[in-house]
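This report refers to the structure that appears directly beneath it.
Order of the sequence lines sets the chain letters (A, B, ...), proteins ahead of strands, with each chain counted from 1.
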2 protein chains.
Amino acid sequence: MALVDATDRKILDLLQQDAHLTIQDIGRKINLSKTPVHERIKRLEREGVIERYVTLVDKKKLGNSLMVYCQVTLDRQTRDAFTAFEVDVRELPEVLECNRVSGTFDYLIKIISQDMDTYNHFYQEKLSVIPGTLHISSFFVMSEIKNSTLVPV
Amino acid sequence: MALVDATDRKILDLLQQDAHLTIQDIGRKINLSKTPVHERIKRLEREGVIERYVTLVDKKKLGNSLMVYCQVTLDRQTRDAFTAFEVDVRELPEVLECNRVSGTFDYLIKIISQDMDTYNHFYQEKLSVIPGTLHISSFFVMSEIKNSTLVPV
DNA sequence: TGTGTTTATAGGAATATTTCCTATAAAGAA
DNA sequence: TTCTTTATAGGAAATATTCCTATAAACACA
């Protein structure tokens, strides 16, 4: 049998939208008793299909009103240069996402910050000082249209 | 009193990392009985500081191995053109994130797809056909370095 | 075909958690 | 001071998870 069957996908679809659904709730929605629902969820956790349960909060209400994308280019495109940059960038709590991409720059990173002063400080003191960084180009988010964690199942 | 005090921030920090922590667990970690922890969480939910509880899943194990960023430029930068594009893009489950940004293009969107064939189909049939779209430039994610939902508190 | 094994499910019982209720202590207002 | 408000604590009821046993269907194999 496949790693994830149709029933698993239904469960995952529901849990992705609301991690606080009870096993009974899920069972009711997909016409299954609590035992198989419970066992399937535990199996999906064991297999790593379910990675974690998290709480999403309102950034702005916590004082983080500025979101910025940066295109980062390193001075050398070697494996060691990539690794060194990645180790450093992972440590920065302001960096929510970092992906190495194809194209005219190396990394696209998403940064959250309180305001422009805070961002400027972060940019000058924490981001642009990472060894190997050659060029950084910032794009400021003016309006957040969509931000979903829901992977199609 | 402020909307969110120091105790609230401790609770939010813990819940952001693990939505399945029990109220008792949280109370133990911050030296508080279950009642105030429970009341604070309910208040944070009511006030919208806590937006939702979600389950994060392994994209690749569910068959979504390709992640792509697109820079989208519209043919006109009017309010109505923006609104129309945003309504359409919000409906696409492949689009996990969409932000309107400053700079030489209008939107930066993050797309998840099974593989290149699926992405090509999405690109040709669903993305590039959105009315008002002038230019799309794709950047393929080669390596995911960091992907966090943890907002600094 | 028949038998034993595996797999998925159901439902009750024990355990744990959330939710509700009452009570206490500290801080601030009249 | 005295009353009110706010934050906390802890017990009890309601709810959920977890564990246990049992049943039914699918499958392998002699």
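- Between K34(A) atom NZ and dT9(C) atom P there is a gap of 14 Å when expressed in whole angstrom units.
- For T35(A), the listed nucleotide lying nearest its side chain is dC19(D); candidates were dT18(D), dC19(D), dT17(D).
- Taking atom CG of L32(A) as the reference point, atom P of dG11(C) lies 11 Å away to the nearest angstrom.
- Under the 3.5 Å distance criterion, with hydrogens and angles disregarded, no donor-acceptor pair is assigned to the side chains of Q17(A) and Y53(B).
- Between the NE2 atom of H20(A) and the C1' atom of dA16(D) there is a distance of 12 Å, given to the nearest Å.
- Under the 30°/60° scheme for interplanar angles, the aromatic rings of F105(A) and F139(B) are found to be tilted.
- Note: CD1 (I26(B)) to C1' (dT8(D)) measures 16 Å, nearest angstrom.
- Rounded to a whole Å, the CD1 atom of I41(A) is 14 Å from the P atom of dC19(D).
- For L21(B) and dA16(C), the CG to C1' distance is 15 Å, given to the nearest whole Å.
- Regarding D25(B), its CG atom lies at a distance of 14 Å from the C1' atom of dT17(D), rounded to whole Å.
- In this model, a donor atom of one side chain and an acceptor atom of the other lie less than 3.5 Å apart for E86(A) and Y107(A).
- T22(B) comes within 4.0 angstrom of the backbone, heavy atoms only, and of no base.
- Distance from the side chain of S33(B) is smallest for dA9(D) among the nucleotides dT18(D), dT18(C), dA9(D).
- Residues L12(A) and I112(B) fall within the same hydrophobic cluster, defined by Ile, Leu, Val, Met, Phe, Trp and Tyr side chains chained together at heavy-atom separations under 4.5 Å.
- For the OP1/OP2 pair of dT18(D) and a distance below 4.0 Å, the side-chain nitrogens and oxygens of K42(A) include at least one atom meeting the criterion.
- In summary, the side chains of T83(B) and D80(B) do not present any donor paired with an acceptor at a separation below 3.5 Å, with no hydrogens or angles considered.
- Taking atom CD of residue Q24(A) and atom C1' of nucleotide dA10(C), one finds them 13 Å apart after rounding to whole Å.
- OP1 or OP2 of dT19(C) has at least one side-chain nitrogen or oxygen of H38(B) nearer than 4.0 Å.
- Between R40(A) and the phosphate of dA8(C), there is no side-chain N or O to OP1/OP2 separation shorter than 4.0 Å.
- A residue-by-residue look at I23(A) and E39(A) shows that I23(A) has its nearest nucleotide of DNA chain D further toward the 5' end.
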